[in-house]
Amino acid sequence: MQRQRTWRLCAAALAITALTACKTELGPGDGDGGTNPNPKPYPTLDGQAPQSFSLSSIDGKAANTAESFDAAIAQDANFIAVDLVMSKDGELVALASPDITDITDVSSRSVYANRKTVRQIDGQSHQGWFASDFTLVELQSLRAKLTGSSAPPTNATTGRILSLNDVIAYVKRQRKTVGLYLQTLNPTYHSQQGLAMEDKLVAAFTAAGYTQETAPVLVRSLEVAHLKALRAKTQVRLVQMINGDPKLGSDGQILMNLPYGQPYDFTLAGTSTTYAQMVTADGLAQIKTYANGISPWKPFVISARYLDKNGDGQPDDLNNDGLRDYRDREMMPPTNLVTLAHAAKLFVHPWEYRNDVTLLASDFKGKVAAEYKLFYEVGVDGVFSDSPSDANKAR
């Protein structure tokens, strides 16, 4: 792979602004869903209400299935999230990972037992079954399931695995316009398998009439070269994802440990740039050359820290439940990421928001609406949520 030019960037740490973390000005209670006839302007890039994007699995449905999409539409999601991988015969398929071991019933299909193998995906070893070893027809003979579930599909149509063309046909059948928010998974891995994703995506967009920036489709990815290649081929909106180690530091710092701390194509090319450096002013200016927005892990916008008020070296148990989890964290002041991104004319779509009180910091007192409203006040342009109706109601 061609070595990418090293970006000239500022310091990796995000500056902290003087914004107050918990005060909100977007209305009382749970919000009006953005229906107030005389609302205050939202601090979004376009001044419009922030949008809701469903996660690829919501309402207890298997990811990327018609059942999950139905639930998203019923909750009035503005866009439905779809994960994409490649099949052996070069078809884009809606699956949550190239490793299909835990997300389909493939392990129970004796006819495919001999396809179990070991593969390296983004430098990490995986043992199991992989979409790139199956044709689309073979993949569609399987059924999707929730990760970790051993329950079989309830009937022959539940959990059907869809191609991207199937997904596009699905949204076009809806009575209202529903946007697609596509995440291309592991582009470098697929290219290494001889299954480059870019031309297949563009062909699908062209066939669907998705050729302009205003088309109801967005594509996000954790990698850079892939998005740059797409920018040369299409005008649809592209989004750079921003990641970090999923284990948030005790004092709220986002760790840049590999494999999470930088795009895998950077790792492969020997480029040192991290995601933290990509969200400085200089890094965002670079992103603007090929993308329309960013999709950061939400602590990049506002993080949360543990407290140790008694000085015993251990995080305080703020809710006195004998456990240490996110409920014992306190929200920090917002970073300047949204301000910097909007200055670069990039929208900001953080992920992910869940209707789970164990994932809410102590400030929110178990109210999911309070978390949405705080991020809306800072100016995010949309959120990825497992409950789009809650995200909408909090506007």
Trainee: Would you indicate whether Lys309, at its atom NZ, is surrounded by more than 12 heavy atoms from other residues, nucleotides or ligands within a distance under 6.0 Å?
Mentor: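 No - once you tally the heavy atoms of other residues, nucleotides and ligands closer than 6.0 Å, there are 12 at most.
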
Trainee: May I ask you to check whether Tyr181 and Phe384 place their ring centres under 6.0 Å from each other?
Mentor: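 Yes; Tyr181 has its ring centre under 6.0 Å from that of Phe384.
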
Trainee: Has Asp59 got a side-chain atom pairing as donor or acceptor with Ala71's backbone, closer than 3.5 angstrom?
Mentor: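 It does not hold such a pair.
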
Trainee: Check for me whether the distance between the ring centres of Tyr353 and Phe375 falls short of 6.0 Å.
Mentor: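 Tyr353 vs Phe375: aromatic centres under 6.0 Å.
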
Trainee: Taking Asp166 first and then Arg160, would you say they form a salt bridge - that is, a charged N and a carboxylate O separated by under 4.0 Å?
Mentor: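 Answer for the salt bridge query: yes.
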
Trainee: Donor-acceptor check, side chain of Asp328 to backbone of Leu318, threshold 3.5 angstrom: yes or no?
Mentor: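 Checking the backbone N and O of Leu318 against the side chain of Asp328, a donor-acceptor pair under 3.5 Å is found.
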
Trainee: Under 3.5 Å, is there a donor-acceptor pair linking the side chains of Ser362 and Arg327?
Mentor: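 Side-chain D/A pair, Ser362 to Arg327: absent.
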
Trainee: Looking just at side-chain N and O atoms, do Gln75 and Ser54 make a donor-acceptor pair shorter than 3.5 Å?
Mentor: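 There is no such pair between these side chains.
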
Trainee: To the nearest 0.5 angstrom, please state how far the CG atom of Leu182 sits from the CG atom of Leu201.
Mentor: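 If we round to the nearest 0.5 Å, Leu182:CG and Leu201:CG are 7.0 Å apart.
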
Trainee: Given the ring of Tyr326, does Arg329 sit roughly above its face, with NZ or CZ under 6.0 Å from the centre of the six-membered ring and within 45° of the axis?
Mentor: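 Judged by the rule, Arg329 and Tyr326 form a cation-pi pair.
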
Trainee: Is any NZ, NE, NH1 or NH2 atom of the basic residue among Arg237 and Glu213 found under 4.0 Å from an Asp or Glu carboxylate oxygen of the other?
Mentor: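 A salt bridge is absent here (no side-chain N lies under 4.0 Å from a carboxylate O).
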
Trainee: Taking atom types as modelled and ignoring hydrogens, do the side chains of Tyr170 and Asp70 form a donor-acceptor contact shorter than 3.5 angstrom?
Mentor: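 The criterion, which ignores hydrogens and geometry beyond distance, is satisfied for Asp70 and Tyr170.
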
Trainee: Would Asp99 and Arg119 pass as an ion pair if we require N to O under 4.0 Å?
Mentor: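 Salt bridge: no.
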
Trainee: Is the closest side-chain donor-acceptor distance between Thr358 and Asp356 under 3.5 Å?
Mentor: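 There is such a pair (donor and acceptor under 3.5 Å, judged by atom type) between the side chains of Thr358 and Asp356.
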
Trainee: Does a donor on one side chain and an acceptor on the other come within less than 3.5 Å for Ser163 and Asn165?
Mentor: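 Per modelled atom types, Ser163 and Asn165 side chains form no pair under 3.5 Å.
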
Trainee: Is it true that the NZ or CZ of Arg395 lies under 6.0 Å from the centre of Tyr376's six-membered ring and within 45 degrees of the ring axis?
Mentor: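 No cation-pi geometry.
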
Trainee: Answer yes if the side chains of Asp386 and Asn355 hold a donor-acceptor pair under 3.5 Å, and no otherwise.
Mentor: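 There is no such pair (donor and acceptor under 3.5 Å, judged by atom type) between the side chains of Asp386 and Asn355.
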
Trainee: Is a donor from one side chain sitting under 3.5 angstrom from an acceptor on the other, for Ser132 and Tyr189?
Mentor: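 Side-chain D/A pair, Ser132 to Tyr189: present.
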
Trainee: With a 6.0 Å cut-off (strictly less than), is the heavy-atom count around NZ of Lys88, excluding the residue itself, greater than 12?
Mentor: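 Atom NZ in Lys88 is not crowded, with 12 or fewer foreign heavy atoms closer than 6.0 Å.
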
Trainee: Cut-off 3.5 Å, side chains only: do Ser52 and Asn392 have a donor facing an acceptor?
Mentor: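 Looking only at side-chain atoms, Asn392 and Ser52 do form a donor-acceptor pair, the distance falling under 3.5 Å.
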
